[in-house]
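Here the structure is a predicted model, which is why all the values come from computation and not from measurement. Basis for what follows: all heavy atoms, side chains included, without hydrogens, waters or symmetry-related copies.
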Amino acid sequence: MTDAIVQWLLSAGEGKFLATVLISMLPVIELRGGLPAGVAMGLPLREAFLAALLGNLLPVPFIILFARRIFAWVRAHIPRLERWVDRIERKARSKSDKVVRYQAWGLLLFVAVPLPGTGAWTGALIAALLDLRLKLAVPAITAGVFLAGILISLLTYGAAALL
């Protein structure tokens, strides 16, 4: 059964699109890994870009809305993971200084820079920890992911690939 699913994901256009969406949903990998993976599977750059964008953005509102509640629940019910949650919060807070100062613009620029530790997941976590409203954070993160996608496309495939 699993082999059949993997074969479908790698052979059908819809499967490649879905695989790119799923890869881009993963923390750390996000659009920066999903976009090149989609192209490597045979998707045209524009389709891979759209799939990676969608996949990277799907978790964002859920992270903003529920991260703090999940962290509180983990602290209360799984004490062994408290240090892990503390470390994630410290890491996000350490990267939040520009976001605090420039709000939406800071969040957009933070997410747009295609470096490890920046991206939609961390941006959404920062937004959650700073209590930024969804209507401020989601558009900023969306624009940042879009710009990151353009940068990754340019760096990976060159300007000619975007035409």
Side-chain angles (χ1 to χ4, degrees), residues 1-71 74 81 84-85 87-88 91-92 95-96 99 104-129 132-163:
M1 175 74 173
T2 306
D3 290 339
I5 294 170
V6 171
Q7 286 297 358
W8 176 76
L9 284 173
L10 296 176
S11 64
E14 304 85 22
K16 293 174 185 177
F17 189 91
L18 179 60
T20 304
V21 168
L22 294 173
I23 291 167
S24 300
M25 288 177 72
L26 297 171
V28 180
I29 297 172
E30 301 190 38
L31 173 134
R32 293 149 178 82
L35 178 57
V39 172
M41 286 186 276
L43 281 178
L45 179 60
R46 290 178 191 202
E47 286 181 38
F49 186 97
L50 178 61
L53 185 76
L54 289 172
N56 201 186
L57 292 174
L58 279 172
V60 167
F62 300 102
I63 295 166
I64 295 170
L65 290 172
F66 301 116
R68 293 176 64 188
R69 290 183 200 146
I70 291 169
F71 287 172
V74 168
L81 295 179
W84 176 73
V85 170
R87 187 177 53 181
I88 291 172
K91 188 174 184 177
K95 295 175 183 256
S96 67
V99 175
W105 287 107
L107 192 57
L108 183 154
L109 292 173
F110 176 83
V111 172
V113 175
L115 294 173
T118 67
W121 276 78
T122 307
L125 185 56
I126 289 169
L129 294 175
L132 295 179
R133 297 176 53 90
L134 271 178
K135 64 182 177 180
L136 173 81
V138 170
I141 292 170
T142 300
V145 170
F146 186 82
L147 288 174
I150 291 172
L151 289 171
I152 292 297
S153 298
L154 286 170
L155 290 171
T156 308
Y157 307 107
L162 295 178
L163 303 176

For residues [X] and [Y], determine if any side-chain heavy atom of one lies less than 4.5 Å from a side-chain heavy atom of the other.
X	Y	answer
Trp105	Leu108	yes
Val111	Leu147	no
Leu54	Ser24	no
Val28	Trp121	no
Ile141	Ile64	yes
Pro61	Leu134	yes
Ile23	Met41	yes
Pro114	Arg32	yes

Nearest heavy-atom neighbours spanning [X] and [Y]:
X	Y	result
Leu31	Ala148	CD2-C, 3.9 Å
Ala52	Gly34	CB-C, 4.2 Å
Leu115	Thr118	O-OG1, 2.7 Å
Ala124	Ile63	CB-CG2, 3.6 Å
Ala120	Val145	CB-CG2, 3.7 Å
Thr20	Lys16	OG1-O, 2.8 Å

Taking atom [atom1] of [X] and atom [atom2] of [Y], what is their separation to the nearest 0.5 Å?
X	Y	atom1	atom2	value
Ile126	Phe110	CD1	CZ	4.0 Å
Asn56	Leu35	CG	CG	10.5 Å
Leu125	Arg68	CG	CZ	10.5 Å
Ile150	Phe49	CD1	CZ	5.0 Å
Leu57	Met25	CG	CE	10.5 Å
Leu22	Leu58	CG	CG	9.5 Å

Quick check on the 6.0 Å ring-centre criterion: do Phe71 and Phe66 meet it?
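Between Phe71 and Phe66, the centre distance exceeds or equals 6.0 Å.
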Step by step, work out the side-chain contact (heavy atoms from CB on, under 4.5 Å) result for Ile152 and Tyr157.
CA-CA 8 Å; Ile152 292 297; Tyr157 307 107; 5.6 Å; no
